[in-house]
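These notes concern the structure reproduced below.
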Amino acid sequence: MFLNSRSCSQLGTSSSSGRRREAAATQELAGHRLRQRQCSSLGQQQQQRVPRVQAAALSSPRPIAPRDQQQHGAGQISRVDSPPQAKNGVLLLNLGGPESLADVRPFLYNLFADPDIIRLPSALRFLQPVLANIIATLRSPKSSEGYAAIGGGSPLRRITDEQAAALAAALKGRGLDAEVYVAMRYWHPYTEEALQHVVRDGISNLVILPLYPQFSISTSGSSLRLLEHLFKSDPVLSNLKHTVIPSWYQRPGYVGAMVDLIEAELDKFEQPEQVNVFFSAHGVPKSYVEEAGDPYKEEMEECVALIMAELTRRGRGNEHTLAYQSRVGPVEWLQPYTDDSIRELGARGVHSLLAVPISFVSEHIETLEEIDMEYKELALESGVKKWGRVPALNTNARFIEDLADAVVEALPYVGVIAGAPSGDTLVPMGDLDTLLSAYDRDRRTLPAPVEPWSWGWTKSAETWNGRIAMVAIIVILLLEATTGQSFLNNILALD
Ligand SMILES: C=CC1=C(C)c2cc3[nH]c(cc4nc(cc5[nH]c(cc1n2)c(C)c5CCC(=O)O)C(CCC(=O)O)=C4C)c(C)c3C=C
Ligand SMILES: [Fe+2]
């Protein structure tokens with residue numbers, strides 16, 4: 001498997017030499033697709049030379065240290081002891097969320113310590129934990145307020161567990177016995193814990209399914225990077241046959257389920273045909289798309305076009321809008337911003353808005369607080385008279401059935417390097433190595449979405465916090481450098 005994918009990486013590198021530039025995100029993706037196809041055939045030719053590795057049952061798993069406060073800290077997860085039986089598993093990737101207000105700051109630390117969220121130049125990477133601590137500390141009061149408003153914690157773990165159980169049942173309905181595991185990126189159950197269970201259960205064929213319909217470097221990409229690291233540092237996992245479904249926004253079942261929900265909400269308005277269908281996607285910094293080639297924006301636009309086409313096919317001629325929410329920090333994010341669009345629609349005299357959360361399939365802080373409270377209030381203040389919101393898919397039966405179909409369709413690709421069966425996704429299906437080597441290969445430094453030093457000069461409420469923190473951090477770093485003692489560990493330790 002790794003022999004194949006190394007060859008693919010080399011192929012990708014040589015075929016793209018001299019082709020690096022910002023404006024080429026789209027061409028870049030087309031190139032990825034082409035390379036993937038080349039890799040597929042190369043992979044198939046070389047398949048015979050790859051040793052058929054037997055997955056193994058685990059006799060004594062080594063516990064993994066919790067990752068709060070650590071960057072990718074896991075070592076080996078398991079030892080190979082005995083030959084296994086073929087067993088299927090599905091690994092659901094998700095973000096994770098604080099379950100109580102006390103979890104908020106360590107959760108934020110984990111998020112900002114992720115180099116796919118804040119990508120520092122390599123010379124400054126040693127500062128990432130320090131920066132993560134500062135930013136988490138500064139952001140924590142605002143985030144905590146949001147989580148307090150939705151009951152004191154995120155519902156994400158509960159909903160994702162329900163989705164996992166529903167998916168396992170749907171697979172069983174198709175005659176497929178498969179364990180479904182939940183692997184969160186920034187909170188419990190951590191990816192390391194999930195993989196420990198995968199190994200303990202002797203899973204030999206794993207389908208990796210991010211619960212994000214559209215691919216972004218900052219979400220699915222980040223979880224896949226972590227998996228890559230963990231797979232490479234463990235003997236059982238490095239031989240585990242797997243395939244990744246990188247994104248699935250174009251699946252008719254998903255699109256159909258979204259349209260069912262939209263229609264049901266439209267019919268609650270007195271004049272459904274007058275309602276503006278307002279898609280609000282989670283934003284990403286613009287540089288992710290324009291400099292690192294994140295397909296997120298393109299996938300989002302395609303996704304909205306597919307949903308609108310299906311709505312139209314069902315005889316609904318509504319106008320629609322796509323905007324991006326949840327911007328953090330001072331850099332430019334994808335535009336238009338949700339708040340600007342709401343104001344603009346209000347000013348244009350749009351009477352009714354139906355908000356559709358589009359980048360995430362569970363209720364979470366950004367649907368329950370940001371959309372239901374902040375944006376609703378803004379819309380009503382801006383002149384919009386009627387407001388509605390489409391619920392998240394959660395365990396919607398049609399959606400879960402579609403995920404089960406996606407898993408069944410992916411299973412033949414486990415352990416085989418191959419492009420997506422229909423070739424119609426922007427990031428094609430494949431194993432981790434192939435996917436990540438074809439994708440965001442250079443991990444180029446990006447402007448950090450949140451920079452404490454910039455916060456210090458903005459007009460935001462954090463201005464003085466930011467300045468004080470910056471001065472403090474400089475003093476502490478100087479003290480550390482001159483005395484050789486670590487003050488930061490003591491001062492900024494969370495828990
Ligand atoms: C597709 C979905 C998401 C993208 C893209 C994404 C990018 C992204 N997010 C941040 C910063 C924060 N995200 C936070 C919470 C959060 N983010 C997503 C999804 C995406 N993020 C979800 C589902 C959640 C909520 C989980 C929950 O607890 O319910 C937070 C914490 C909350 C807050 O303070 O607002 C931050 C911070 C960045 C910087 C980023 C891209 C670089
Ligand atoms: Fe986010």
Side-chain angles (χ1 to χ4, degrees), residues 93-101 103-120 131-132 135-160 184-188 210-223 246-249 279-289 291-292 294-297 299-300 303 324-334 338 357-374 392-394 440 446-451 455 462:
L93 307 181
N94 212 340
L95 189 119
E99 289 162 64
S100 71
L101 294 183
D103 296 342
V104 172
R105 197 165 60 125
F107 160 78
L108 290 174
Y109 171 86
N110 288 340
L111 190 130
F112 292 119
D114 177 359
D116 283 312
I117 291 286
I118 296 187
R119 204 174 275 183
L120 294 174
L131 285 180
I135 299 167
T137 305
L138 296 177
R139 174 89 188 168
S140 178
K142 185 174 191 291
S143 290
S144 298
E145 220 179 281
Y147 285 108
I150 62 166
S154 171
L156 210 50
R157 183 176 192 169
R158 174 184 53 79
I159 297 170
T160 313
M184 299 294 197
R185 181 66 183 84
Y186 306 118
W187 205 246
H188 303 276
L211 279 178
Y212 307 96
Q214 308 84 10
F215 185 95
S216 168
I217 294 170
S218 62
T219 53
S220 309
S222 163
S223 279
S247 61
W248 36 269
Y249 63 90
F279 294 93
S280 189
H282 196 301
V284 294
K286 203 172 151 197
S287 56
Y288 280 54
V289 174
E291 291 170 38
D294 197 334
Y296 181 70
K297 178 171 183 278
E299 293 203 355
M300 190 59 72
C303 177
Y324 295 90
Q325 67 175 80
S326 314
R327 176 171 166 244
V328 184
V331 302
E332 188 181 352
W333 285 47
L334 291 181
T338 293
I358 185 72
S359 39
F360 209 59
V361 292
S362 316
E363 297 295 354
H364 63 293
I365 188 168
E366 277 133 17
T367 54
L368 300 170
E369 199 271 335
E370 206 169 347
I371 297 184
D372 288 355
M373 299 177 193
E374 293 181 34
L393 286 164
N394 292 347
D440 186 26
L446 295 165
V450 268
E451 296 162 327
W455 280 13
E462 295 94 347

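In listed order, ligands and their atoms are each counted from 1. What you see is a predicted model, and the numbers here were worked out from it, not measured in a lab.
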Subject >> Intermediate values then yes/no, side chain to side chain contact (heavy atoms under 4.5 Å, CB included), L111 and W187 >> reply: CA-CA 9 Å; L111 190 130; W187 205 246; over 6 Å; no
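- Residues S287 and E291 have side chains that never bring a donor and an acceptor to within less than 3.5 angstrom of each other.
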Original post:
Would W333 and V328 satisfy side chain to side chain contact (heavy atoms under 4.5 Å, CB included), going step by step from the backbone distance to the final call?
Top reply: CA-CA 9 Å; W333 285 47; V328 184; 4.0 Å; yes
Original post:
Are I365 and S154 close enough, and set up right, to give a side chain to side chain contact (heavy atoms under 4.5 Å, CB included), and what steps lead you there?
Top reply: CA-CA 6 Å; I365 188 168; S154 171; over 6 Å; no
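- Between Y324 and Y296, the two ring planes are tilted [angle within 30° to 60°].
- In this comparison of I118, T219, I117, V328, the heavy atom closest to atom 4 (C) of ligand 1 sits on T219.
- Listed by number with element, the atoms of ligand 1 under 4.0 Å from a non-hydrogen atom of P98 are 28 (O).
- Set against the non-hydrogen atoms of L108, the atoms of ligand 1 under 4.0 Å away are 31 (C), 37 (C).
- Taking all heavy atoms of Y288, F112, Y147, F107 into account, the minimum distance to atom 37 (C) of ligand 1 is reached by F112.
- Close contacts between ligand 1 and S154 involve ligand atoms 27 (C), 28 (O), 29 (O) [criterion: under 4.0 Å to a heavy atom].
- Residue contacts with ligand 1 for P285 involve side-chain atoms from C-beta outward but no N, CA, C or O (heavy atoms, distance under 4.0 Å).
- Those atoms of ligand 1 that come under 4.0 Å of a heavy atom in G97, given as number and element, are 28 (O).
- The ligand atoms of ligand 1 that sit less than 4.0 angstrom from a heavy atom of F360 are 23 (C).
- Each of the following atoms of ligand 1 lies closer than 4.0 Å to a heavy atom of V284: 5 (C).
- Residue contacts with ligand 1 for S218 involve side-chain atoms from C-beta outward but no N, CA, C or O (heavy atoms, distance under 4.0 Å).
- Distance NZ/K286 to NZ/K297: 9.0 Å, rounded to 0.5 Å.
- When the heavy-atom distances from atom 21 (N) of ligand 1 to Q214, E99, H282 are ranked, the shortest goes to H282.
- Contacts between L156 and ligand 1 below 4.0 angstrom, taking non-hydrogen atoms only, involve the side chain exclusively.
- Below 30°, between 30° and 60°, or above 60°: for F107 and Y147 the angle between ring planes is above 60°, a perpendicular geometry.
- For ligand 1, the atoms sitting less than 4.0 Å from at least one non-hydrogen atom of I365 are 25 (C), 27 (C), 29 (O), numbered in the order shown with element in parentheses.
- Contacts with ligand 1 closer than 4.0 Å are made by side-chain heavy atoms of R139 only, the backbone lying farther away.
- Partner of S220 under the side-chain contact (heavy atoms from CB on, under 4.5 Å) criterion, out of S247, P246, P213, P210: P210 alone.
- Within the 4.0 Å heavy-atom criterion, the part of W333 lying near ligand 1 is the side chain and not the backbone.
- Here OG of S223 is found 5.0 Å from CG of L93. Values are rounded to the nearest 0.5 Å.
- The closest approach between S362 and ligand 1 stays at or above 4.0 Å for every heavy atom of the residue.
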**OP:** Please lay out, stage by stage, how R119 and D116 fare under the test side chain to side chain contact (heavy atoms under 4.5 Å, CB included).
**Re:** CA-CA 6 Å; R119 204 174 275 183; D116 283 312; 2.8 Å; yes
